2 protein chains.
Amino acid sequence: MKTSRIHQLIERLGLLARSESRRIGSEMALQPVHVQALQYLERCNRYSNTPAALVGYLGQTKGTVSQSLKLLAREGYLEKRTDPEDARVVRLHLTPKAHQALRQLPPTETWMHAERTLSPSERKALTAGLESLLKALQAAHGGRTFGICSTCRHFQNGVGEEHRCGLTGEVLTDDDSRRICQEHEERRSA
Amino acid sequence: MKTSRIHQLIERLGLLARSESRRIGSEMALQPVHVQALQYLERCNRYSNTPAALVGYLGQTKGTVSQSLKLLAREGYLEKRTDPEDARVVRLHLTPKAHQALRQLPPTETWMHAERTLSPSERKALTAGLESLLKALQAAHGGRTFGICSTCRHFQNGVGEEHRCGLTGEVLTDDDSRRICQEHEERRSA
DNA sequence: CTGTTGTGGTTTCGTGTCGATACTATAGAT
DNA sequence: ATCTATAGTATCGACACGAAACCACAACAG
């Protein structure tokens, strides 16, 4: 099987992005993976802020994720609260420190510059390609797609602000419907 | 500065690719980075098979790279030979074991499947986008582009098989001209 | 021939990643 | 009441990674 050019490119770019991320994150004692975890937690909805969801999102084992979370909690980036409904599950909440850190560490200038060398249409095609690749990859891998609520097949759009999740039956605010959900499933178009 | 969607997607896909790579590489005691190093060494030319070149290619520090190489040598994936011309530099040579390993560990089936869900034109656009992104990124970062010989601005195409490198003045075979060179520079089109 | 400086590589150290395995505690079903 | 599944933690060992100190050779000055 000849090795895929796309795969190779992504591994390579991923590595470079990773080492940049490590450099700028190191001032705040944040490893690349930690940044990804925090970014996820900032953008996920209230059903999806658990260690288990992160395990699916990051593609690591629960032991590893548990370690990272312990560290992040120790450094004051998040709080763990046990769920009142189910005492087994832990809810993860970002602290103000985390929100602030996230605002400070987006891509480096060299990365942004590199992106700007692409034409708008190239950028668009690239984004689209990456997104569908990710979607396909996740679909194969446990079926979790981690999309935002309003694109889910369980999403029921009501009149005005009245949305609802067909899976849990709960009412969703506008804000909710823009967040990442671990139960997200693609609408079947076929 | 709002964080870039492309950057985010690549970090994410990179992480997933990485964890796949770790899984399939673990049977051979190969870490994701090791695989990238071996792949580079398999495809680079005779000027570029040194630790220093790998430092540039992988974007890591020389200490880290030295560690990885030590490990790879210990496991029998490569041999280090000191250069007869300059006793400071080390030349890295893959063993048969390495070549064989490389043949066995290309992307997983799920990854290839995901790629196949893209249309040919999408794949093409994606590849092109990733490539120019990588090129721009490397250009900013030390100027090393790690392209293949025949696309370099020092490459002089002669009659028949007679190629030559304008930088070193040496004669290049057809095979040489298809390999990665650390001295590679884009042809200036402007 | 002797400094001096620069460069290619290695060593050492500390912190963190990561998977594997074993473990705890709660929920839910029979 | 027991059995089983689920969410999470603890511990261990191998390794990644950057930082800093270090060594050997090369190149060049006088």
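It should be emphasised that the depicted structure is a prediction, and the values quoted were computed from it without experimental measurement. Convention: sequence-line order gives letters A, B, ...; per-chain numbering from 1. Computed over heavy atoms, backbone and side chain alike; hydrogens, waters and symmetry mates excluded.
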* Between the main-chain N or O of A/Leu69 and the side-chain N or O of A/Arg74, is there a donor-acceptor pair closer than 3.5 Å? ->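 Checked: no pair found.
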
Phosphate OP1/OP2 of [N]: any [X] side-chain N/O under 4.0 Å:
X: B/His34; N: D/dA16; value: yes
X: A/Gln67; N: C/dT17; value: no
X: B/Lys70; N: D/dC15; value: no
X: A/Arg74; N: C/dG16; value: yes
X: A/Gln31; N: C/dG16; value: no

Which of these nucleotides, [options], is closest to any side-chain atom of [X]?
X: A/Gln60; options: D/dC17, C/dC18, C/dG9; answer: C/dC18
X: A/Ser68; options: D/dC15, C/dT17, C/dG8; answer: C/dT17
X: B/Arg18; options: C/dA25, D/dA24, D/dC17; answer: D/dC17
X: B/Thr64; options: C/dT17, D/dC17, D/dC15; answer: D/dC17
X: B/Ala87; options: D/dG8, D/dA26, C/dT17; answer: D/dA26
X: A/Arg88; options: D/dG8, D/dC17, C/dT26; answer: C/dT26

Starting at atom [atom1] of [X], determine the distance to atom [atom2] of [N], rounded to an integer number of angstrom.
X: A/Leu69; N: C/dT17; atom1: CG; atom2: P; value: 10 Å
X: B/Met28; N: D/dC15; atom1: CE; atom2: P; value: 16 Å
X: A/Leu58; N: C/dC18; atom1: CG; atom2: C1'; value: 12 Å
X: A/Leu30; N: D/dG18; atom1: CG; atom2: P; value: 16 Å
X: B/Glu85; N: D/dA26; atom1: CD; atom2: P; value: 11 Å
X: A/Leu72; N: C/dG16; atom1: CG; atom2: P; value: 11 Å
X: B/Arg22; N: D/dC15; atom1: CZ; atom2: P; value: 12 Å
X: A/Arg81; N: D/dG8; atom1: CZ; atom2: C1'; value: 18 Å

* Might you work through the side chain to side chain donor-acceptor pair (under 3.5 Å) test for B/Glu115 and A/Ser4, ending with a clear yes or no? => CA-CA 9 Å; B/Glu115 276 193 25; A/Ser4 149; 2.5 Å; yes

* A/Thr95 and A/Glu79: CA distance, side-chain angles, deciding distance, side chain to side chain donor-acceptor pair (under 3.5 Å) verdict -> CA-CA 7 Å; A/Thr95 62; A/Glu79 273 180 35; over 6 Å; no

* When we call it a touch if two heavy atoms are under 4.0 Å apart, what does B/Ser26 touch: a base, just sugar-phosphate, or nothing? ->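 If one applies the 4.0 Å heavy-atom cut-off, B/Ser26 turns out to touch nothing in the nucleic acid.
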
* Select base, sugar-phosphate, or nothing to describe what A/Val33 touches, counting heavy atoms under 4.0 Å on all strands. =>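 Sugar-phosphate, no base atom in range.
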
* Give the ring-plane orientation class for B/Tyr40 versus B/Tyr57, where under 30° counts as parallel, over 60° as perpendicular and anything between as tilted. =>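 Correct class here is tilted.
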
* To do: Kindly indicate, with the supporting measurements, whether the criterion side chain to side chain donor-acceptor pair (under 3.5 Å) is fulfilled by A/Ser68 and A/Gln31.
  => CA-CA 9 Å; A/Ser68 298; A/Gln31 303 284 321; over 6 Å; no

* Asked: Looking at side-chain heavy atoms only, is the closest gap between A/Thr82 and A/Val89 below 4.5 Å?
  ->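 When only atoms from C-beta onward are counted, A/Val89 and A/Thr82 do not touch, as no gap falls below 4.5 Å.
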
* Asked: Mapping A/Ser66 and B/Gly63 to their closest nucleotides on DNA chain D, which lands nearer the 5' end?
  ->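 First, find each residue's nearest nucleotide; the 5'-ward one identifies A/Ser66.
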
* Contact nearer the 5' end of DNA chain C, comparing A/Lys62 with B/Ala52 ->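 It is B/Ala52, whose closest nucleotide lies nearer the 5' terminus.
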
